[in-house]
Amino acid sequence: MVKSIFITGAASGIGKATAISFAENGWNVGLFDINEEGLKEVANLIGHNKCMYQKLDVTSIKEWKEAEKSFSEYTSGTCNIFFNNAGIANFAGAFEDVPVDEIHKIIDVNLKGVANGCISMLSLLKNTKNSLLLNTSSVAGLVPTPGIAIYGATKHAVTSLTESLRIEYERHGVRVSEINPWFTETPILEARNVSSDMQSQWERDFVEERTKIYPVSKVVDKVWLAYKSKKIHYTVGLEANLASFFMRFIPSFVRRMSKKLFKDTFI
């Protein structure tokens, strides 16, 4: 039986790369994103015989129900991987400079949207042997990240949700894991700076001067690994592994390094 993967944020970045990889390996792919034009482009690239696509605003539980129904019809009621990937970081800057509406929007997409997916897709996951719910978190969910405080807070919350649902969903036969990428070649690197007198750490030149930016293919590799193995957290990149290790055992060191890295920007 052909396996299937449901991907949010599928119109670009990690979601798009994952969709292409799984389609090339014979999986049925469900593409979901708020960007309809982007979805059409990915579907045309993959081939319409290998995928289905539908607009999905992850903050709308009504649209989640419609998406789950469409995907269920496409796969005869199964879902091997639910890749809960959609997220935004439209603005970067000092916390007090970020518009309140944007703070709320980031929370709505990055946390409420993820939670909506976890509950909306449970029935299909329960109906599929060895199914996986895979959330996209971030290294920002593991370590302090000046300049993207609210983004980091939502990713901390996603990590907490992943840990709890890993235990809860075990009774349903559903594994729950997450990926924690380092800086990756995605549209998030184009986040606008709201602190006019400070350079954003998300600006490409700023990032490239200080650390490596990983290709999305490295994240896709971890999506495959997550399905084949049993871990909870899958960090992407050497820097992510080091940051995670030091934050666990020497958190004061990570805080000092973060302050040093951004001393001329958001501190």
Side-chain angles (χ1 to χ4, degrees), residues 1-88 105 107-136 158 161-162 164-166 168-179 223 226-227:
M1 184 176 179
V2 178
K3 293 180 179 179
S4 61
I5 181 171
F6 181 117
I7 305 172
T8 63
S12 62
I14 293 169
K16 176 181 177 180
T18 301
I20 293 170
S21 178
F22 276 76
E24 288 176 345
N25 281 273
W27 285 51
N28 287 329
V29 180
L31 308 168
F32 298 89
D33 200 295
I34 199 168
N35 178 0
E36 289 184 274
E37 288 303 313
L39 287 177
K40 291 177 184 178
E41 291 176 6
V42 177
N44 289 335
L45 185 62
I46 288 175
H48 290 260
N49 61 322
K50 297 180 181 179
C51 69
M52 57 84 61
Y53 67 91
Q54 184 170 316
K55 176 182 174 293
L56 171 61
D57 176 354
V58 296
T59 67
S60 168
I61 198 68
K62 178 177 180 293
E63 291 194 18
W64 266 110
K65 291 177 180 178
E66 294 168 353
E68 187 271 348
K69 183 175 184 293
S70 297
F71 188 75
S72 180
E73 292 172 352
Y74 174 59
T75 65
S76 300
T78 63
C79 179
N80 297 92
I81 302 177
F82 166 42
F83 190 21
N84 207 6
N85 169 67
I88 60 170
K105 184 177 179 180
I107 294 171
D108 285 344
V109 174
N110 292 4
L111 179 54
K112 291 182 182 179
V114 170
N116 284 343
C118 289
I119 191 63
S120 298
M121 294 298 293
L122 178 58
S123 179
L124 286 184
L125 291 168
K126 287 167 61 176
N127 197 43
T128 310
K129 186 177 181 181
N130 193 36
S131 61
L132 171 68
L133 190 170
L134 183 64
N135 293 323
T136 296
V158 168
L161 182 65
T162 298
S164 296
L165 293 186
R166 175 77 171 208
E168 285 195 32
Y169 281 12
E170 185 176 347
R171 72 185 190 277
H172 301 308
V174 178
R175 285 183 295 121
V176 181
S177 300
E178 71 176 22
I179 55 173
V223 177
Y227 183 65

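Everything quoted here is computed from the prediction, not taken from an experiment. Hydrogens, waters and symmetry mates are skipped; everything else that's a heavy atom, side chains included, is used.
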Is [X] reaching over with its side chain to a backbone N or O of [Y], donor-acceptor style, under 3.5 angstrom?
X	Y	result
N127	T78	no
Y169	C118	yes
T59	V109	no
S131	V174	no

So which heavy atom on [X] is nearest to which on [Y], and how close?
X	Y	value
L134	A226	CD1-CB, 3.9 Å
C79	M121	SG-CE, 4.0 Å
L31	C51	CD1-SG, 3.9 Å
F32	A67	CE2-CB, 3.6 Å
A10	D33	N-OD2, 3.2 Å
S177	L132	OG-CD1, 3.9 Å

All ring-ring contact (aromatic ring centres under 6.0 Å, His included) counterparts of Y74, not counting sequence neighbours | none

Sequence-distant partners of F83, ring-ring contact (aromatic ring centres under 6.0 Å, His included), two or more places apart |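 In terms of ring-ring contact (aromatic ring centres under 6.0 Å, His included), with neighbours along the sequence ignored, F83 is linked to no residue.
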
Can you say whether the rings of W64 and F82 are parallel (under 30°), tilted (30 to 60°) or perpendicular (over 60°)?
->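 Plane angle over 60°, so perpendicular.
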
Parallel, tilted or perpendicular: which describes the rings of W27 and Y227, with under 30° parallel and over 60° perpendicular?
-> perpendicular

Between atom [atom1] of [X] and atom [atom2] of [Y], what is the distance when rounded to the nearest 0.5 Å?
X	Y	atom1	atom2	answer
N116	E68	CG	CD	13.0 Å
E63	S120	CD	OG	11.5 Å
N130	N80	CG	CG	8.0 Å
H172	T128	NE2	OG1	13.5 Å
L133	R166	CG	CZ	11.0 Å
E168	L122	CD	CG	10.0 Å

Min side-chain heavy-atom separation V176-E170 under 4.5 Å = no

Any side-chain heavy atom of F6 within less than 4.5 Å of one from M52?
->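 Contact flag for F6/M52 side chains = no.
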
Distance-only check: which donor-acceptor pairs under 3.5 Å involve side-chain atoms of residues 13-25, not counting sequence neighbours?
{"from": "T18", "atom 1": "OG1", "to": "I14", "atom 2": "O", "distance (Å)": "2.8"}
{"from": "S21", "atom 1": "OG", "to": "W224", "atom 2": "NE1", "distance (Å)": "2.9"}
{"from": "N25", "atom 1": "ND2", "to": "S21", "atom 2": "O", "distance (Å)": "2.8"}

Decide yes or no on side-chain hydrogen bond (donor to acceptor under 3.5 Å, both in side chains) for N85 and T136, but give the supporting numbers first.
-> CA-CA 5 Å; N85 169 67; T136 296; 2.8 Å; yes

Sole candidate of D57, L56, V58 that passes side-chain contact (heavy atoms from CB on, under 4.5 Å) when paired with I34 | D57

What pairs of donor and acceptor atoms, side-chain ones from residues 36-50 against any protein atom, are under 3.5 angstrom apart with sequence neighbours left out?
{"from": "N44", "atom 1": "OD1", "to": "H48", "atom 2": "NE2", "distance (Å)": "2.6"}
{"from": "N44", "atom 1": "ND2", "to": "K40", "atom 2": "O", "distance (Å)": "3.2"}

Note: E73-K69 ion pair, threshold 4.0 Å (strictly below) |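 A salt bridge is present here (some side-chain N lies under 4.0 Å from a carboxylate O).
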
Mind checking what makes side-chain hydrogen bond (donor to acceptor under 3.5 Å, both in side chains) contact with E66, not counting sequence neighbours?
-> K62

Among all residues two or more places apart in sequence or in another chain, which pass the side-chain hydrogen bond (donor to acceptor under 3.5 Å, both in side chains) test with N135?
-> N84, T162

Atom NZ of K105 with >12 non-hydrogen neighbours under 6.0 angstrom =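 No, the 6.0 Å shell around NZ holds no more than 12 heavy atoms from other groups.
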
